[in-house]
S.K.: 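Dropping a structure here in structure tokens format, bear with me for questions.
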Amino acid sequence: MLDAMRRSARSFGMKLVLMMIVLTFVFMGAGSFLTRSPDELASVNGEPITFEEYQAAHNNIMENLRRQFGGNINDEFLRMINVERQALNSLIDQKLLIQVAEENSLRVTDEMLADAIARMPAFQANGRFDREQYNRMLRQNRLSPQRFEKLQKESMLTNQIRNFIVGNVVVSESEARAWFEWVNTEIDFEYVVFSPEEIESVAVSEEEIRAYYEENQDQYRIPAQVKARYVAFHPEDFALAEEVSDEEVADYYQRNQDDFETPETAVASHILIRVPGDADQQAIDEKRVKAWDIYEKASEEDAGFADLARNHSDCPSSEDGGHLGSFTRNDMVRPFSNAAFSLEPGEISEPVQTDFGWHVILLEDLTPASTIPLEAVADDIREQLARQKSGDVAYRRAIEMYDISFDGDDLVENAERFGYDVHTTDFFTRDEGPDALTNGRAFAESAFDLPMEQVSDILEINQAYYLLQPIDRKESRTPDLADVEADVRKDLEAEKRVAAARKAAGTFLETARGVREEDPAESLMETAALEERIAAATGLFTRNDPVPGFGQAAQLREAVFNLSDIGDIHDELIRVGDRFMIIRLAARVIPGEEAFAKNREETVRQLRARKQQETFERWMDRVRAESEITVSEGFRRQFNL
């Protein structure tokens, strides 16, 4: 009967019956998301989060992931980043922010909203807001103007409250200096490495092998394996099935104007007269006077702007004569951009004040915004649309096979009937999947979860579609010692080599400590030479650099940067993989005032952004703790939240 129901489930009638059964359970409360209303998944201080809101947030995250990673997204990755929790948490935070904004009488007027929308490039044609473009873009994204404007208003409101919370975050001169030192201090350390590979031989007895095997049987357990056959539907196999019309190309071009637009850019140089963030008005005025003096010199005929920048600018760009390269309006702070883009090429601005100080700007070149014409990209668009159509055809062909293939020989017979190849895998495990498939984890999980010889649902793997059918299975088992004795011996010998390397390293560490107490100036290299060992030094590097010779060895980096004084030897062995290290701090170079002055702007910007994020997160934690947030039990169970 169950098999009959499965076969019938693909018919509309059975789907309708199943839907009625599901609805019955929903309204009875069995396994339902319901706690207060049929569409409510959670509530924030009594305000519901609906399934529609959750679905929109989830889809938005998935779309961003697809843009970022393309087709390299699998179920394991999605489970790891927990998209469901991300979507729910984003909605909870959004509700909380709006509630706080309303409690504090913050609002977005219709004029503010209209201005913000009018300035969005996606809704502009020839640099001006276009109502037809606006409505077309919303239709393409399945949004009504009312819905979009509500979402945009909420976004602007949450930005207001965020700016209100972090707007007063400042970075003092001492904080910036300390942060710059912490990030840019360089250290050099000496080290001696003891590796298991140095241990020439270790003895293992038959008794030790048996004991090691008994203690580590799970390590040698052979996992369950499945063999399957499958039919693959690759879009490229249907590349000639559809043609792309000129109208479709033109429509895609019109709908994706942003992809073909190049924003206005400027090329400029500047001279910065830095003003400390905690400067008083008198200091600000003094710097302004200096900036005006430089402006007057720069405006003189035959004045060398680059030379003035090298001699007077407090920006790192001074080394290049103040040259900043090419940038858009959004690349710079607003006062700087407004001034730069208002100039004519060759013109020098009067002093402009920003958070960093006073700027004198020389505009070197100005490139207006431009749009790549349709004719130049038509072939690329046609190729992209053809790939999409081929993918659609491949999916339709997979559905045709899916609808008539259930179990037994259905898959093979229907494939022969339609002229598709049937492939048979070797035995594979759940974790690895078939050798012939890259990213075959989803394939393997489906094969393991299906009853023998039952045809799967359609699987999308690496932008192709698959129907598979498990045809044989080997259960997990523990092999006899005789079958894996060579592996057991090898593992036991490796473990003994590691232990011997650790012991030798520990002995050397005690010797090095003793030498350090007697003669603090003696290097680790000298001690190593006395012990007939080879020592080396890394050379200078910062805490954000890979450790020379060891890469991103976090434990090693933390240990060496925590050493206090030159000559200090770390109290414990540092393990990197199977190697054991003794380390000694050889040098520390702290960046000087000149280096800080050259990089002050960027340091302040980075530290302010970091402090703002930390401030906002602490505030959000407090708001969440003081709020009543509930999530329906059914939703928690569904996604293991």
Side-chain angles (χ1 to χ4, degrees), residues 114-130 133 257-275 279 284-377 597-602 604-605:
D115 180 64
I117 292 175
R119 286 188 285 106
M120 293 181 179
F123 303 140
Q124 293 181 349
N126 299 319
R128 298 174 62 86
F129 176 74
D130 185 282
Q133 172 80 351
Q257 278 286 301
D258 287 353
D259 295 343
F260 308 107
E261 292 179 352
T262 302
E264 182 183 23
T265 59
V267 178
S269 296
H270 82 140
I271 298 169
L272 170 67
I273 306 304
R274 182 171 60 84
V275 178
I284 294 173
D285 291 341
E286 290 174 355
K287 297 292 187 180
R288 178 174 58 81
V289 170
K290 182 178 179 181
W292 272 96
D293 180 58
I294 291 173
Y295 164 70
E296 290 173 356
K297 291 179 180 178
S299 301
E300 294 175 359
E301 190 174 353
D302 297 328
F305 193 93
D307 290 336
L308 287 171
R310 291 188 186 94
N311 294 328
H312 298 286
S313 181
D314 295 323
C315 178
S317 65
S318 63
E319 296 179 359
D320 295 324
H323 186 64
L324 296 172
S326 176
F327 54 88
T328 68
R329 287 181 180 271
N330 293 331
D331 290 337
M332 300 295 183
V333 293
R334 182 169 294 181
F336 189 100
S337 284
N338 289 344
F341 281 89
S342 67
L343 298 171
E344 294 293 331
E347 188 178 359
I348 298 173
S349 75
E350 295 181 350
V352 178
Q353 187 178 18
T354 72
D355 290 343
F356 304 110
W358 294 94
H359 307 257
V360 177
I361 307 168
L362 167 64
L363 182 67
E364 300 170 15
D365 192 17
L366 189 66
T367 303
S370 62
T371 301
I372 302 173
L374 173 60
E375 296 75 18
V377 293
K598 293 290 186 184
N599 294 277
R600 180 187 177 280
E601 292 181 33
E602 182 63 17
V604 170
R605 186 191 67 78

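Please read these numbers as outputs of a predicted model, since none were measured by experiment. Values below: every heavy atom of this structure, side chains too, minus hydrogens, waters and symmetry copies.
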S.K.: Please report the shortest heavy-atom distance between Pro335 and Val352, naming the atom on each side.
M.R.: O-CG1, 3.6 Å
S.K.: State, yes or no, whether a side-chain contact exists between Glu344 and Leu366 at a heavy-atom distance under 4.5 Å.
M.R.: no
S.K.: Please identify each residue that fulfils salt bridge (charged side-chain N to carboxylate O under 4.0 Å, His left out) with Lys297, with sequence neighbours left out.
M.R.: Asp293
S.K.: Tell me, with the steps shown, if Val267 and His323 meet side chain to side chain contact (heavy atoms under 4.5 Å, CB included).
M.R.: CA-CA 8 Å; Val267 178; His323 186 64; 3.6 Å; yes
S.K.: Under the rule for ring-ring contact (aromatic ring centres under 6.0 Å, His included), what residues qualify as partners of Phe356, not counting sequence neighbours?
M.R.: none
S.K.: So, do Pro351 and Arg288 sit near enough that their side-chain heavy atoms are less than 4.5 Å apart?
M.R.: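 They are not in contact (no side-chain heavy atoms under 4.5 Å apart), so the answer is no.
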S.K.: Check each of Ile271, Ile348, Leu324 against Leu362 using the side-chain contact (heavy atoms from CB on, under 4.5 Å) test, and report the only one that passes.
M.R.: Ile348
S.K.: Could you walk me through whether Phe129 and Arg119 satisfy the side chain to side chain contact (heavy atoms under 4.5 Å, CB included) test, starting with their C-alpha distance in whole Å, then the side-chain angles of each, then the deciding distance to 0.1 Å, before giving a yes or no?
M.R.: CA-CA 7 Å; Phe129 176 74; Arg119 286 188 285 106; over 6 Å; no
S.K.: Taking Asp130 for the side chain and Gln133 for the main chain, is one N or O donor matched with an acceptor at less than 3.5 Å?
M.R.: yes
S.K.: Give the minimum heavy-atom separation between Val377 and Ile372, together with the two atoms involved.
M.R.: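 Scanning both residues, the minimum pair turns out to be CG1-CG2, 3.6 Å.
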S.K.: Hey, could you give me the NE2/OG distance between His359 and Ser269, rounded to the nearest 0.5 Å?
M.R.: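 That separation rounds to 13.5 Å.
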S.K.: Could you tell me which non-hydrogen atom of Ile294 sits nearest to which non-hydrogen atom of Leu308, and how far apart they are?
M.R.: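 Residues Ile294 and Leu308, closest heavy atoms: O-CD1, 4.4 Å.
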S.K.: Give the minimum heavy-atom separation between Ala309 and Gly322, together with the two atoms involved.
M.R.: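 Distance-wise, the nearest heavy atoms are CB-N, 3.6 Å.
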S.K.: Taking Ser318 for the side chain and Asp314 for the main chain, is one N or O donor matched with an acceptor at less than 3.5 Å?
M.R.: no
S.K.: What's the verdict on side chain to side chain contact (heavy atoms under 4.5 Å, CB included) for Glu264 and Arg329, showing C-alpha distance, side-chain angles and the deciding distance?
M.R.: CA-CA 7 Å; Glu264 182 183 23; Arg329 287 181 180 271; 3.3 Å; yes
S.K.: What residues form a side chain to side chain donor-acceptor pair (under 3.5 Å) with Asp285, not counting sequence neighbours?
M.R.: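 Gln281.
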S.K.: Does one side chain, of Gln257 or Thr371, offer a donor that lies under 3.5 Å from an acceptor on the other?
M.R.: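 There is no such pair (donor and acceptor under 3.5 Å, judged by atom type) between the side chains of Gln257 and Thr371.
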S.K.: Write down the atom of Ser349, the atom of Val360, and the distance for their closest heavy-atom approach.
M.R.: O-CG1, 3.8 Å
S.K.: Looking at every non-hydrogen atom in both residues, tell me the closest pair between Ile273 and His312 and how far apart they are.
M.R.: CD1-O, 3.9 Å
S.K.: What residue among Trp358, Tyr295, Phe336 forms ring-ring contact (aromatic ring centres under 6.0 Å, His included) with His270?
M.R.: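 When Trp358, Tyr295, Phe336 are each tested with His270, the ring-ring contact (aromatic ring centres under 6.0 Å, His included) holds only for Phe336.
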S.K.: Applying side chain to side chain contact (heavy atoms under 4.5 Å, CB included) to Leu343 and Ile361, what does each step give before you reach the verdict?
M.R.: CA-CA 9 Å; Leu343 298 171; Ile361 307 168; 4.3 Å; yes
